[in-house]
Amino acid sequence: MRDFSYSRATTLAEALSQHQASAEAAYLAGGTTLIDLVKLDVMQPARMGDIHRLGLTAIEKLPDGRWRIGSMVRNSDLAWHAEMRREFPVLSEALLSGASAQLRNMATTGGNIMQRTRCPYFRDTFWPCNKRQPGSGCAALDGYNRSHAVLGVSDACIATHPSDMCVAFAVLDAELTLQGPGGERTLPFRDFHLLPGTTPEKEHALAPGEIITAATVSPLPAGTRSCYVKLRDRQSYEFALASAAVVLHVAGGKIDEARVALGGVATKPWRVPAAEAVLRGAAPEEGVFRRAADTALQGAQPRVYNAFKIELARRAVARALATAATGQPA
Ligand SMILES: Cc1cc2nc3c(=O)[nH]c(=O)nc-3n(C[C@H](O)[C@H](O)[C@H](O)COP(=O)(O)OP(=O)(O)OC[C@H]3O[C@@H](n4cnc5c(N)ncnc54)[C@H](O)[C@@H]3O)c2cc1C
Ligand code: SF4
């Protein structure tokens, strides 16, 4: 493990200037990803900037009805916030399906968005990994790729984005607020994570020195139903093999609004507009849900060990839609 310097900021300006002081700096939030990866020598920041004292812990309703979630809000506080649970149950369900109670008590909103892949070859420095060491190759392509992605993949990297919360943010059309040396800017959540392409080491749209300060979600129309379904090897303390977050509004026997996002099968939180188009204007029926699920997985590119994820993800989508539509599992 490489030596690093530690600093603790009490204001945003201080955090940003400490970060500027080193090109190899990392913000320390809950530490549940970062500390593991530093110990494994996968991440080697020269400077660690502790952001616990910045505040950024508020969950507040804005005058226009949107909700602003500070980036240091703990996953457990967000999951159990009474009004957020009522307005955005899909977000709470996704958060509570992740990790363990102890981890959720430490993990933060910003850290969850920025968490790194769980690809075992990325986490073990013995193996070649383009994400960890650009140009070194990808051990997963012809390795044991059971947990890897089938959507958004490239010849350079097939690692999944591991977050549950981010799948809910994708389906809720969240927006991120970023603060950097040049001031504040906002970015649609869907544009934050990047596809691996030929540069899998570039995972997000944060500019050097920028920090995530908040995520904002807009209210859903009255009567909107939602659901998060997560399928995994065991029922708790496990990442998704496939997951689906859906938002559905039915009026006059027809679906007039539908949103679908996938987790566990793609290289970034994965919205599926084509599946949403299948649903809009159709009756909320099992056949329609299955067609939408098939559409969601069109173009999937499996490797030797992960083809099973395609059917698993289809079932997650169909089940999430049926649950949202009826309140009853399919
Ligand atoms: C055993 C285990 C099981 C898990 N299971 C799941 C699961 O099932 N589902 C799931 O979704 N997650 C799971 N996780 C991951 C967990 O949710 C993340 O580790 C956590 O959300 C990261 O948040 P953190 O605050 O601890 O981030 P940290 O570890 O502090 O930081 C993570 C990264 O984000 C950067 N960062 C942090 N905050 C900011 C910010 N505000 N702006 C810019 N950069 C920032 C850091 O520099 C670092 O690179 C699991 C983790 C473990 C260890
Ligand atoms: S899939 Fe991506 S993270 Fe995993 S070994 Fe290949 S390049 Fe590295």
Side-chain angles (χ1 to χ4, degrees), residues 12 15-16 19 25-38 42-43 45 47-52 54 56 70-76 78 94-100 102-124 127-145 147-149 153-168 176-180 192 196 199-201 203-204 206 209-215 230 232 234 236-241 243 263-264 267 269 303:
L12 206 45
L16 289 171
H19 212 76
Y27 292 118
L28 175 65
T32 61
T33 284
L34 181 59
I35 299 297
D36 276 3
L37 292 179
V38 167
V42 171
M43 288 178 78
R47 172 186 282 268
M48 218 182 270
D50 188 332
I51 52 177
H52 282 92
L54 296 190
L56 305 176
S71 61
M72 286 302 288
V73 170
R74 305 284 178 181
N75 287 179
S76 45
L78 182 54
L95 281 160
L96 292 175
S97 76
S100 64
Q102 292 87 345
L103 282 158
R104 293 192 297 268
N105 284 342
M106 285 304 293
T108 63
T109 306
N112 193 314
I113 294 167
M114 290 285 290
Q115 66 174 292
R116 313 291 306 274
T117 182
R118 308 303 288 196
C119 170
Y121 302 108
F122 169 75
R123 293 172 65 86
D124 183 341
W127 299 97
C129 168
N130 288 323
K131 190 183 278 298
R132 177 168 30 76
Q133 195 179 344
S136 63
C138 171
L141 290 176
D142 297 314
Y144 188 54
N145 40 43
S147 64
H148 289 75
V153 295
S154 75
D155 290 342
C157 181
I158 56 171
T160 53
H161 192 275
S163 168
D164 293 296
M165 183 195 76
C166 287
V167 185
L176 296 182
T177 306
L178 314 176
Q179 181 84 38
F192 184 76
T199 53
E201 73 281 9
E203 297 177 343
H204 51 72
L206 269 190
E210 270 187 324
I211 187 171
I212 304 170
T213 53
K230 177 175 178 178
R232 47 193 153 165
R234 57 183 175 196
S236 79
Y237 206 48
E238 187 56 278
F239 290 88
L241 287 169
S243 71
T267 50
R303 309 292 301 187

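Note that ligands are numbered from 1 as they come in the structure, with each ligand's atoms numbered from 1 the same way. Keep in mind that the numbers below use all heavy atoms, side chains included, and drop hydrogens, waters and symmetry copies.
Selection from E203, E210, M114 by nearest heavy atom to atom 36 (N) of ligand 1 gives M114. Closest heavy-atom approach to atom 21 (O) of ligand 1 within the set N112, L37, L95: this belongs to N112.
Here the protein contributes C129 SG as N, O or S atoms under 2.8 Å from atom 8 (Fe) of ligand 2.
A search for ring-ring contact (aromatic ring centres under 6.0 Å, His included) contacts involving Y237 returns nothing, not counting sequence neighbours. Applying the salt bridge (charged side-chain N to carboxylate O under 4.0 Å, His left out) rule to E210 yields the partners R185; only residues at least two apart in sequence or on another chain are considered. Contacts of R104 classified as salt bridge (charged side-chain N to carboxylate O under 4.0 Å, His left out), with partners at least two apart in sequence or in another chain: none.
On a distance-only criterion, L206 and ligand 1 share no N/O pair closer than 3.5 Å. The distance criterion of under 3.5 Å between nitrogen or oxygen atoms is met by L34 with respect to ligand 1.
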Can you check salt bridge (Lys or Arg N to Asp or Glu O under 4.0 Å) on K131 and E203, steps first, answer last? CA-CA 9 Å; K131 190 183 278 298; E203 297 177 343; 3.1 Å; yes
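Relative ring orientation between Y27 and H19 is described as parallel, the plane-to-plane angle staying below 30° on a 0-90° scale split at 30° and 60°.
Atoms of ligand 2 found under 4.0 Å from any heavy atom of A156, numbered from 1 in the order shown, are 7 (S). Those atoms of ligand 1 that come under 4.0 Å of a heavy atom in I211, given as number and element, are 40 (C), 41 (N), 42 (N).
Distance alone, capped at 3.5 Å, places no donor-acceptor pair between the H161 side chain and the G264 backbone.
In terms of protein heavy atoms, atom 11 (O) of ligand 1 is closest to D164 N, 2.9 Å.
For CG of D36, the number of neighbouring non-hydrogen atoms (other residues, nucleotides, ligands) closer than 6.0 Å is greater than 12.
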